[in-house]
Amino acid sequence: MKKTIVFATNNEHKLQEIRDILGDSIEVLSLKDIGCDVDIPETGTTLEENARLKAEYVWQHYHCDVFADDTGLEVEALGGAPGVYSARYAAMPPSAFPSSSPAADSPSSASFSAGKTHDSEANMARLLHELGNNNHRHARFRTVIALIQKKDVCPCGCTSIKQEYLFEGIVEGEITRERSGVGGFGYDPIFRPDGYDKTFAALGEEIKNKISHRARATAKLAAFLRPSA
C-alpha cells in the first residue's frame, strides 16, 4: 500500500518539486489537503528549529506522519546572510543579522526593510544591493527537513511513540550579478550552482530537481521512507 505523508507547506512550487522528486511511491499531502489553513509561525533562529516547529505543529494538531523543511541562502561575503531569514530578507531590519555581516551595519540596507515578506523580487534586489561590486560571491543553498513519524511499540498498535529525524541537503554556487532565467522561484534567477553556467532559473525544473539542495535533502528522506513504503 502506498505510504501517505504530510508535507507542512502550501507553497505550490515546493510541493510540486517534492512530489516530482519522491515519485509515485509516496503520496504527499499539503497542509490544505488536511484542512490546515494556519500560517505556522517560523520563530526559530536556525533552519533546523524552523523545520521542527512546523512538523511539530502538524503532529500535535493532526496526529499524522509529517515532514517540514526550511531553506536558507547563505552568502559568504554577507556573513551567512540572509540564512534563516531568506524568505523575509527584504523585510528584515539590519539588526536581525550578525554584527559581522555587512547587512547589519549598512545604512543603505534600511531602505529595504519596508518590503513584504516572501517577496522574491525585493529579496533579490536587497541581496544584489548588499553585494554590490564585491567579486567574492560564493554562496550555498541549504535545506533541512524534519520528519516526525509514529512508531508502534506494541504489535496491536495500542501504544506508539514519536520518532524524529533530520535530513540536510547543500548545493554550493555563486550569486550572479544579474537575474537570468524565468523558471524556479525565490533566489533561483541569481544563483548559479557550481559546475553549471546557468542559474537555477535558467537550468529548468528537470535539472534543478536532480541537483538542488532540496533534491539532496529529499533524496535522503526518500531513501529513509521507501524501505517501509
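Numbering starts at 1 and runs along the sequence shown. What you see is a predicted model; the values in this text were computed from it and never measured.
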field: Stepwise side-chain contact (heavy atoms from CB on, under 4.5 Å) check, Met124 with Arg179
entry: CA-CA 9 Å; Met124 285 189 287; Arg179 297 166 177 76; 3.8 Å; yes
field: side chain to side chain donor-acceptor pair (under 3.5 Å) between Asn135 and Arg177, intermediate numbers included
entry: CA-CA 10 Å; Asn135 291 322; Arg177 294 182 182 275; 2.5 Å; yes
task: Tell me, with the steps shown, if Ser30 and Asp33 meet side chain to side chain donor-acceptor pair (under 3.5 Å).
output: CA-CA 5 Å; Ser30 67; Asp33 290 329; 3.2 Å; yes
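For the pair Leu166 and Glu48, the minimum side-chain heavy-atom distance is below 4.5 Å. A 4.5 Å side-chain heavy-atom check between Ile175 and Leu73 finds at least one atom pair inside the cut-off. Within the 4.5 Å cutoff, the side chain of Tyr187 has heavy atoms near those of the Pro82 side chain. By the 4.5 Å heavy-atom criterion applied to side chains, Asp70 and Val84 are counted as neighbours. The shortest distance between side-chain heavy atoms of Glu17 and Glu205 falls below 4.5 Å. Under the 4.5 Å side-chain criterion, counting only non-hydrogen atoms from C-beta, Leu225 is in contact with Leu147. Proximity of Arg140 to Glu74: side-chain heavy atoms (C-beta onward) are separated by under 4.5 Å at one or more points. Side-chain atoms of Phe7 and Leu15, non-hydrogen and from C-beta on, do get closer than 4.5 Å to each other.
The distance from the CG atom of Leu127 to the CG atom of Leu78 is 6.0 Å, given to the nearest 0.5 Å. Atom OH of Tyr85 is separated from atom CG of Asn123 by 14.0 Å, given to the nearest 0.5 angstrom. In this structure, the separation between CZ on Arg137 and CD1 on Ile190 is 8.5 Å, given to the nearest 0.5 Å. In this structure, OH in Tyr165 is found 4.0 Å from CZ in Phe224, a value given to the nearest 0.5 Å. Rounding to the nearest 0.5 Å gives a distance of 11.5 Å between CZ of Arg142 and NE2 of His213. To the nearest 0.5 angstrom, Ile170 atom CD1 is 9.5 Å from Thr143 atom OG1.
The side-chain hydrogen bond (donor to acceptor under 3.5 Å, both in side chains) contacts involving residues 195-204 comprise nothing, where partners must be two or more places apart or lie in separate chains.
Judged purely by atom type and a 3.5 angstrom limit, Ser212 has no side-chain atom pairing as donor or acceptor with the backbone of Asn209. For Asp188 (side chain) and Phe185 (main-chain N/O), a donor-acceptor pair under 3.5 Å exists by modelled atom type. Side chain of Lys220 to backbone of Glu168: a donor-acceptor contact under 3.5 angstrom is found. Checking side-chain atoms of Arg216 against main-chain N and O of Ile211 turns up a donor-acceptor pair under 3.5 Å.
Using a cutoff of 4.0 Å between basic side-chain nitrogens and carboxylate oxygens, Asp69 and Lys14 are scored as salt-bridged. The pair Lys54-Glu56 does not meet the salt-bridge criterion, since no charged nitrogen lies less than 4.0 angstrom from a carboxylate oxygen. A salt bridge is defined here as a Lys NZ or Arg NE, NH1 or NH2 lying under 4.0 Å from an Asp or Glu carboxylate O, and Asp65 with Lys3 meets this definition. Comment: Arg126 does not engage Glu121 in a salt bridge, judged by the lack of any side-chain N to carboxylate O separation of less than 4.0 angstrom.
Side chain to side chain, Thr71 and Arg214 meet the donor-acceptor criterion of an N or O pair below 3.5 Å.
Applying the under-4.5 Å side-chain rule to Ile, Leu, Val, Met, Phe, Trp and Tyr, the cluster around Tyr57 extends to Val6, Leu29, Leu31, Ile34, Val38, Ile40, Val58, Trp59, Tyr62, Val66, Ile148.
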